[in-house]
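The figures here come from the full heavy-atom set of this structure, side chains too, leaving out hydrogens, waters and symmetry mates. Ligands are counted one by one from 1 in listed order, and the atoms in each one are counted from 1 as well.
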Amino acid sequence: MSEIELRHVDKRYGAISILKDISLDMNNGEFVVLVGPSGCGKSTLLQMIAGLEDISAGEIRIGGKVVNDMPAKERNIAMVFQSYALYPHMKVAENMSFALKLAKTPKAEIRQRVQHAASILGLENLLGRFPRELSGGQRQRVAMGRAIVRDPRAFLFDEPLSNLDAKLRVKMRSEIKKLHKRLGKTTVYVTHDQIEAMTLADKIVVLNEGRIEQVGTPLELYNHPNSVFVASFIGSPEINLVTARVQGNVAIPDNGPALPLPFALPNGREIVYGIRPQHIMIGDQGIAATVTLVEPTGDNQEVSVQAGDVNLYVIANSEHPVSTGDEIKLSVDLDKVLLFDSQDKTRIAMAGM
Ligand code: ADP
Ligand code: MG
C-alpha cells in the first residue's frame with residue numbers, strides 16, 4: 001500500500017477538463033516531484049491531494065483510506081505555498097503555532113514543537129520578529145516551520161522557491177532536501193523547474209496538459225524519455241531535435257548532414273533525431289559544421305553550430321576552445337542518441353528491446 005494513491009482522478013471546471021485520468025502511487029517517505037509547464041495542472045492536483053479542491057471523478061487514498069470527501073483539516077497533510085501566506089500581524093512564533101492553537105494543543109506542547117521546528121530550520125533567533133522584518137528565504141523557512149510543527153503525515157510544496165533569487169533558491173533547495181532526509185516524510189513537490197525536479201526527486205511525474213506524460217527516477221527520464229515532450233523538458237540545455245529521414249545507417253534532414261543511427265530502421269522512415277548537447281563532441285572527424293556562437297560558462301563552452309540548415313547546440317570543454325566562425329567536425333555518442341516517431345512523437349526503441 002502506498003501512502004498517497006490516485007486512481008483515475010479527473011478534474012473539470014464546467015466543460016473544461018483540467019486533469020485527465022491521473023493514476024499515481026506515492027510511497028511512504030518518498031520525495032515525489034510534479035513537474036510540467038505552467039498551466040498543466042500541477043497546483044490543481046496538489047490542492048486535490050490536500051483537500052482544498054474537490055475531484056470530479058476517481059479516487060484519492062491516503063494511508064489506504066479513501067479521502068474524496070474528507071475535509072482538508074482532517075487529512076493531516078501540510079501545504080507550503082509559493083506565496084508563503086504568513087499572517088503579517090503575527091510574529092514568527094505565532095505564525096508557526098497558529099494551527100496548533102486552533103487544534104487546542106496544550107501550551108507546553110506548542111512551545112516545545114515550535115522550538116524543535118525553529119532549531120531544525122535555524123529560526124531560533126527570529127521567533128520574535130514580524131514577517132516584514134524577514135528576508136525572502138527566512139519567510140520561506142517560517143512557512144516550512146509552520147508545516148513542520150503540525151507533524152503531518154505528508155508535506156505538499158507548491159513552487160516554494162519561485163519567489164527567491166537564483167542563489168538563495170539553490171541554497172533553500174538543498175535545505176529542503178536535507179529536511180526531507182531528516183524527517184523522512186512523504187513529500188509532494190510542485191515545480192516548473194526541471195533542475196529542481198532532477199535534484200530533489202526520488203520520483204518525477206511529468207505532466208503535460210493535464211495528463212501524466214511519464215513517471216520515473218530523474219535518470220530514467222533523462223536517459224529513457226518516452227516522448228519528445230519529456231526529452232525536451234528534462235535536461236539542460238535542451239536536447240537537440242532534428243527531423244530526418246532514414247537512409248541506410250544514417251538519418252538525413254532536409255539540407256542537413258548525415259546523422260549516424262544507433263540501430264537499423266526501415267529506409268525512408270521519418271524520425272525525430274535527438275541528441276543532448278553534452279553528447280556531441282568536437283574533434284577531428286565527423287559532421288562538418290560552422291560555429292555561430294560561443295557562450296563560455298567557465299569549465300565549458302556552450303557552442304551553437306550550423307551544418308547546412310541544421311542548428312545544433314554543443315557543450316564543449318574549454319580546454320579546446322573554439323571561436324565564432326570556426327569550421328569544426330562533430331561526432332555524437334551513439335549510445336546516447338534518442339530516436340522518436342515524427343508523427344506521434346513517442347520514442348522508437350531498438351527492435352527486441
Ligand atoms: P499549474 O500549477 O501547472 O501552472 P494550475 O493547476 O494552476 O496549473 O491550472 C491548470 C489549468 O486549470 C489552467 O489552465 C488554469 O487556467 C485552470 N484553472 C485553474 N483553476 C481554475 C478555476 N477555478 N476555474 C477554471 N479553470 C481553472
Ligand atoms: Mg501552479
Only one of K171, R173, K178 clears salt bridge (Lys or Arg N to Asp or Glu O under 4.0 Å) with E175; which?
K171
Does R61 pair with E59 as a salt bridge, N-O distance under 4.0 Å?
yes
May I ask you to identify, for T44, whether its side chain, its backbone, both or neither come under 4.0 Å of ligand 1 on a heavy-atom basis?
both
Look at atom 21 (C) of ligand 1 and say which protein heavy atom is nearest, naming residue and atom and giving the distance to 0.1 Å.
Y13 CE1, 3.1 Å
Under-4.0 Å protein heavy-atom contact, atom 4 (O) of ligand 1:
yes
Tell me if the CG atom of D254 is crowded by more than 12 foreign heavy atoms within 6.0 Å.
no
Among R276, E295, Q278, E238, side-chain hydrogen bond (donor to acceptor under 3.5 Å, both in side chains) partner for Y313
E295
Look at atom 13 (C) of ligand 1 and say which protein heavy atom is nearest, naming residue and atom and giving the distance to 0.1 Å.
G39 O, 3.7 Å
Heavy-atom nearest option to atom 2 (O) of ligand 1, drawn from C40, S43, G41
S43
Residue pair I271 / L261, side-chain heavy-atom distance below 4.5 Å:
yes
Has S38 got an N/O/S atom less than 2.8 Å from the Mg ion (ligand 2)?
no
I18 to ligand 1: N or O pair under 3.5 Å?
no
Quick test of your reading of the model: are K203 and D25 salt-bridged, counting only N-O distances below 4.0 Å?
no
